Protein chains: 2
Amino acid sequence: MDSVTEISGSALELPGLSPANADPELDALVREIIGRVADKWTMLALEVLEEHGPLRFTRVGELIGDVSQKMLTKTLRQMEADGLVVRTVFPVIPPRVEYHLTDLGRGLSEAFCGVWHWAEQHRDTIKASRLAFQERAAAAAQGD
Amino acid sequence: MDSVTEISGSALELPGLSPANADPELDALVREIIGRVADKWTMLALEVLEEHGPLRFTRVGELIGDVSQKMLTKTLRQMEADGLVVRTVFPVIPPRVEYHLTDLGRGLSEAFCGVWHWAEQHRDTIKASRLAFQERAAAAAQGD
DNA sequence: CTGAATCCATATGGATACTG
DNA sequence: CAGTATCCATATGGATTCAG
C-alpha cells in the first residue's frame with residue numbers, strides 16, 4: 001500500500017517522550033502546540049472554562065485573576081484559532097460574548113492534568129532542591 | 001489531629017484541572033513549575049536526556065538541535081536547581097561535564113508524555129482549526 | 001570542552017485611551 | 001461589555017567574545 005514504513009504503527013505505545021520522529025515538521029508543530037498550551041494564560045483560561053463552563057469575556061478575566069484585557073483577548077483568540085474554545089457573539093447591546101471549551105479543549109485539559117498533578121505532588125521536593133542549590137551556590141561563592 | 005480540613009484527601013482523585021485550592025502560594029508554585037517545564041528548551045532537554053541517558057554538555061546541545069550555548073547553560077542550570085537533572089563535573093582537561101535525569105526528572109518526563117501525545121494525536125484537527133479560523137478572518141475582512 | 005559575560009534585536013506584556 | 005490601538009518597560013534569546 002503506502003510505501004512509507006510505519007515505524008510505531010500505533011499511537012498507543014507511549015514512547016519515552018518523543019519517538020525518533022524524523023519528521024521535523026510534525027515535531028515543530030507538536031512543540032508549538034505544547035509551548036502555546038503551556039502558556040500561563042492559556043493554561044489558566046483552560047482551567048476556569050473547564051471548571052465553570054461557558055463564560056463571558058469579563059468573567060473569564062475575573063476568574064483568572066490579574067490578567068490584562070489585552071492578554072485575555074490574545075489568549076482567547078489563540079485558543080479559538082486552535083479550536084480549543086468556541087466564541088459566541090450575541091448581537092445585543094451591550095455586547096455579550098461567551099466562550100466555552102470544545103471537546104478538543106477538554107481533552108487538552110485532561111492531558112495537562114497529569115503535569116499539573118506531578119507539580120502538585122512534588123512541590124516540596126522541588127522547593128527543597130532549589131534551596132539546596134542556592135546554598136551550594138552560596139557556599140561555592142564563599143569558597144572562591 | 002491536625003485542624004486543617006483535608007479537602008480532597010488523596011491526590012488520586014484527579015479533579016478537572018485545579019481543585020479549589022484556596023492556596024495562592026501553592027497555586028503560584030505549581031504554575032511556575034509548569035511554566036518552566038513547558039519552556040521549549042527544558043522540554044527538549046528532558047527529551048534527549050530521557051532517550052539517551054547521561055550526556056555531555058555539547059552532546060545535549062547537538063541532540064536538541066539549534067539551541068544556543070547560552071540558553072543550553074541556562075536551561076540545564078535551571079533544571080539542576082529544580083532537581084530534574086544532576087550535573088557531574090569531571091576535573092579533567094579539557095573539562096567533562098555530564099548531565100543525567102533524576103527520578104524527579106523522569107517522573108516529569110512521564111507526566112508530560114500525556115500532553116505530548118495529545119498534541120500528536122490532534123495535530124491534524126488543530127491544523128484544520130487554524131486554517132478555518134484564518135479563512136473566517138479573511139472572509140470577515142472582506143465583508144467590511 | 002564548558003562555560004561566563006556582553007551587546008543587541010526582538011518579543012512579551014502591562015497601562016492607558018478610545019470605539020461600537 | 002468587549003474589544004482595538006498605542007505607548008513603553010522589561011524579558012527573552014541569539015551572536016559573539018573571552019576564560020579556565
Side-chain angles (χ1 to χ4, degrees), chain A residues 28 31-32 34-45 48-49 52 54-81 85-100 133 136-138 140-141 143-144, chain B residues 28 31-32 34-45 48-49 52 54-81 85-100 133 136-138 140-141 143-144:
Chain A
R31 265 184 246 156
E32 188 200 333
I34 291 179
R36 186 166 292 196
V37 169
D39 169 76
K40 183 181 176 185
W41 303 127
T42 302
M43 206 167 45
L44 294 177
V48 303
L49 287 170
H52 298 83
L55 293 172
R56 297 182 62 161
F57 179 83
T58 303
R59 188 65 183 138
V60 175
E62 288 172 359
L63 290 171
I64 285 182
D66 61 342
V67 61
S68 69
Q69 179 273 331
K70 179 184 177 181
M71 289 313 296
L72 184 55
T73 299
K74 184 182 172 186
T75 300
L76 289 172
R77 279 296 192 290
Q78 214 158 238
M79 293 174 75
E80 188 195 2
V85 303
V86 172
R87 176 172 176 269
T88 310
V89 181
F90 297 88
V92 296
I93 296 176
R96 175 189 185 86
V97 180
E98 272 193 4
Y99 295 87
H100 69 265
F133 182 78
R136 282 201 303 277
D144 275 346
Chain B
R31 266 183 243 157
E32 187 200 334
I34 291 180
R36 187 167 292 196
V37 169
D39 169 76
K40 183 181 177 186
W41 303 128
T42 301
M43 205 165 48
L44 294 176
V48 303
L49 287 170
H52 298 83
L55 292 172
R56 297 183 61 162
F57 179 83
T58 304
R59 189 65 183 136
V60 176
E62 288 171 0
L63 291 171
I64 285 182
D66 60 345
V67 61
S68 69
Q69 176 270 324
K70 180 184 178 179
M71 290 312 298
L72 185 55
T73 299
K74 183 183 172 185
T75 300
L76 289 172
R77 279 295 191 291
Q78 213 156 238
M79 292 174 74
E80 188 195 2
V85 302
V86 173
R87 177 172 175 266
T88 310
V89 181
F90 297 88
V92 296
I93 297 177
R96 175 190 184 85
V97 179
E98 271 192 6
Y99 296 85
H100 65 87
F133 182 79
R136 282 200 303 276
D144 277 345

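Values in this document were obtained by computation on a predicted structure and should not be read as measured data. Convention: sequence-line order gives letters A, B, ...; per-chain numbering from 1.
With a cutoff of under 4.0 Å to any heavy atom of chain B, the contacted region of DNA chain D is bounded 5' to 3' by D:dG13 to D:dG20.
Side-chain contact between A:Leu63 and A:Leu55 is present, with at least one heavy-atom pair separated by less than 4.5 Å. A heavy-atom distance below 4.5 Å is not found between the side chains of B:Val97 and B:Phe90. Proximity of A:Glu80 to A:Leu76: side-chain heavy atoms (C-beta onward) are nowhere separated by under 4.5 Å.
Under the salt bridge (charged side-chain N to carboxylate O under 4.0 Å, His left out) criterion, B:Arg96 pairs with B:Glu98, sequence neighbours left out. Applying the salt bridge (charged side-chain N to carboxylate O under 4.0 Å, His left out) criterion to A:Arg87, with sequence neighbours excluded, gives no partner residue. The salt bridge (charged side-chain N to carboxylate O under 4.0 Å, His left out) search around A:Arg56 returns none, not counting sequence neighbours. Among residues two or more places apart in sequence or in another chain, the side chain to side chain donor-acceptor pair (under 3.5 Å) test is passed with B:Thr73 by B:Gln69.
Distance check, rounded to the nearest 0.5 Å: OH of A:Tyr99 to OG1 of A:Thr75 gives 10.5 Å.
Pairs engaging residues 61-75 of chain B under the salt bridge (charged side-chain N to carboxylate O under 4.0 Å, His left out) rule: B:Arg59-B:Glu62 [sequence neighbours left out].
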How does each nucleotide of nucleotides 1-7 of chain C score, in 5' to 3' order, for protein heavy atoms under 4.0 Å: base (B), sugar-phosphate only (S), or none (-)? BSBB-BB
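In plain terms, the two heavy atoms of A:Val48 and A:Val60 that are nearest each other are CG2-CG1, 4.0 Å.
Relative to the axis of its first five pairs, the axis of the last five pairs of the helix from C:dC1-D:dG20 to C:dG20-D:dC1 sits at 40°, rounded to 10 degrees.
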